[in-house]
There are 2 protein chains.
Amino acid sequence: MNVQFKKGILELCVLIYTLKKDRYGYELVHSISDKIQIAEGSIYPILRRLTKEGYFATYLAESNEGPPRKYYQLTHAGREYLDQLVSDWNLFSKSVNEIIEEGMDT
Amino acid sequence: MNVQFKKGILELCVLIYTLKKDRYGYELVHSISDKIQIAEGSIYPILRRLTKEGYFATYLAESNEGPPRKYYQLTHAGREYLDQLVSDWNLFSKSVNEIIEEGMDT
DNA sequence: ACCCAGTACTATATAATGTATAGTAGCTAA
DNA sequence: TTAGCTACTATACATTATATAGTACTGGGT
């Protein structure tokens, strides 16, 4: 899949998946990859950045399937940022679709 | 507007706008900016790259409103590439919308 | 006891691309 | 003649997805 299209959207995906429950990195990679193929190396930098910016709180929890998991919990600021991103996406994709429709109507 | 969302899409926009008739750079900047705000510095590198890759043929034409204009004409390969990009975009935006719908249904 | 696969995270370097900024140059109108 | 619009070029920069490598824990097969 077109790599450039993903720019900015992975952030949105990560935030959405943490909306209903706390998630850990490895889980996010595989959940998101069901829809949009991504690499492990893409998720962890995003998680660190969003945490640094105050959109996630984190805590460690033991696992019986491997090393401890770092869980990411959406903060209030994170929720607001997510809403903004979704709104931006809706406007953006609408504009792109209009350009395509107007340009391709044969 | 979210800068990252634009990555990869400007290319698609440029190609679409040259589908019905040949265009020059300055014209493209302003046409596309009606829908998605972009800078002059974004368009010209794209035009040079797409030309280098064989998706555009170019020719100069005089203008009575300023310096000569370099027109960009979509090649057959350019048309095929555009079709591919639109197809990629449709799949991508569908996936993103599914993720948003599934994640935000309260 | 040993090795391998799967799980889980971290760190670094790289590639792609939109933007900012600056510069060149032609035309028209006040 | 000067300002403003038109039109293109070039360079440096910021952001972000990826590739790659490494650390480390668990459990199963031999």
Side-chain angles (χ1 to χ4, degrees), chain A residues 1-15 22-33 35-53 55-56 58-72 81 85 88-89 92 95-96, chain B residues 1-15 22-33 35-53 55-56 58-72 81 85 88-89 92 95-96:
Chain A
M1 187 177 292
N2 191 309
V3 172
Q4 297 306 321
F5 288 172
K6 299 180 192 173
K7 304 261 167 126
I9 285 296
L10 289 195
E11 201 176 270
L12 188 156
C13 293
V14 165
L15 289 165
D22 303 350
R23 305 275 193 173
Y24 55 98
Y26 193 80
E27 182 187 16
L28 285 167
V29 176
H30 294 278
S31 298
I32 295 175
S33 281
K35 300 272 185 184
I36 296 173
Q37 218 175 337
I38 56 169
E40 270 188 66
S42 312
I43 284 290
Y44 294 111
I46 288 177
L47 290 172
R48 278 197 287 278
R49 179 161 45 81
L50 293 178
T51 302
K52 194 180 155 203
E53 288 169 359
Y55 300 144
F56 281 132
T58 67
Y59 57 91
L60 281 175
E62 280 179 31
S63 160
N64 53 2
E65 290 172 84
R69 295 163 173 168
K70 186 184 278 187
Y71 281 86
Y72 293 84
Y81 182 53
L85 274 182
D88 287 351
W89 163 258
F92 175 76
S95 298
V96 173
Chain B
M1 187 177 291
N2 191 309
V3 171
Q4 297 304 322
F5 288 172
K6 300 180 191 172
K7 303 260 166 128
I9 285 295
L10 289 194
E11 201 176 89
L12 188 156
C13 293
V14 164
L15 289 165
D22 304 350
R23 305 275 192 173
Y24 56 97
Y26 193 80
E27 180 186 18
L28 284 168
V29 176
H30 294 277
S31 298
I32 295 175
S33 282
K35 301 273 186 183
I36 296 172
Q37 217 174 338
I38 56 168
E40 269 187 67
S42 312
I43 283 291
Y44 294 110
I46 288 177
L47 289 171
R48 277 197 288 276
R49 179 162 44 82
L50 292 177
T51 302
K52 194 181 157 202
E53 287 168 1
Y55 300 143
F56 281 132
T58 67
Y59 56 92
L60 280 174
E62 280 178 33
S63 159
N64 52 4
E65 293 172 82
R69 295 163 172 167
K70 186 184 280 187
Y71 281 86
Y72 293 83
Y81 182 55
L85 274 183
D88 287 351
W89 162 258
F92 175 76
S95 299
V96 174

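Naming: A, B, ... by sequence-line order, numbering from 1 per chain. These figures come from a predicted structure and were not determined experimentally.
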For residues 60-67 of chain A, run the donor-acceptor check on the side chains, cut-off 3.5 Å, and write out each pair with its distance to 0.1 Å, sequence neighbours left out.
| residue | atom | partner | partner atom | Å |
| --- | --- | --- | --- | --- |
| S63(A) | OG | E65(A) | N | 2.9 |
| E65(A) | OE2 | R69(A) | NH2 | 3.3 |

Legend entry - Main-chain N/O of V29(B) paired with S33(B) side-chain donor or acceptor, under 3.5 Å: yes
Legend entry - Counterpart residues, side chain to side chain donor-acceptor pair (under 3.5 Å), relative to R49(A) (two or more places apart): E11(A)
Inset, instruction - With sequence neighbours left out, write down each residue that passes side chain to side chain donor-acceptor pair (under 3.5 Å) with E40(B), or none if nothing qualifies. - result: none
Inset, instruction - Under the side-chain contact (heavy atoms from CB on, under 4.5 Å) rule, what do L28(B) and I46(B) come out as? Steps first, then yes or no, please. - result: CA-CA 11 Å; L28(B) 284 168; I46(B) 288 177; over 6 Å; no
Inset, instruction - Identify, with sequence neighbours excluded, every residue that meets ring pair (Phe, Tyr, Trp, His ring centres under 6.0 Å) alongside Y26(A). - result: H30(A)
Inset, instruction - Mind listing the closest non-hydrogen atom pair of T51(B) and L47(B) along with its distance? - result: OG1-O, 2.7 Å
Would you list the protein and nucleotides 5-8 of chain C atom pairs, both N or O, that sit under 3.5 Å from each other?
| residue | atom | partner | partner atom | Å |
| --- | --- | --- | --- | --- |
| dT7(C) | OP2 | Y26(A) | OH | 3.0 |
| dA8(C) | OP1 | R69(A) | NE | 2.3 |
| dA8(C) | OP1 | R69(A) | NH2 | 2.2 |
| dA8(C) | OP2 | Y24(A) | OH | 3.2 |

Just distance, no hydrogens or angles: give the donor-acceptor pairs under 3.5 Å from side chains in residues 3-10 of chain B, sequence neighbours left out.
| residue | atom | partner | partner atom | Å |
| --- | --- | --- | --- | --- |
| K6(B) | NZ | Q37(B) | O | 2.6 |

Legend entry - Separation of atom CD1 in I43(B) from atom P in dT21(C), rounded to whole Å: 19 Å
Just the table, please: protein N/O against nucleotides 15-18 of chain C N/O, every pair under 3.5 Å.
| residue | atom | partner | partner atom | Å |
| --- | --- | --- | --- | --- |
| dA16(C) | O3' | Q4(A) | NE2 | 3.1 |
| dT17(C) | O2 | K7(B) | NZ | 3.3 |
| dG18(C) | OP1 | K6(B) | O | 3.3 |
| dG18(C) | OP1 | G8(B) | N | 2.8 |

Legend entry - Contacts of type ring pair (Phe, Tyr, Trp, His ring centres under 6.0 Å), residue Y71(B), not counting sequence neighbours: Y24(B), Y59(B)
Legend entry - chain B footprint on DNA chain D, 5' to 3' - any atom under 4.0 Å from a heavy atom: dT6(D) to dT16(D)
Legend entry - Which residues share a salt bridge (Lys or Arg N to Asp or Glu O under 4.0 Å) with E27(A), sequence neighbours left out: R23(A)
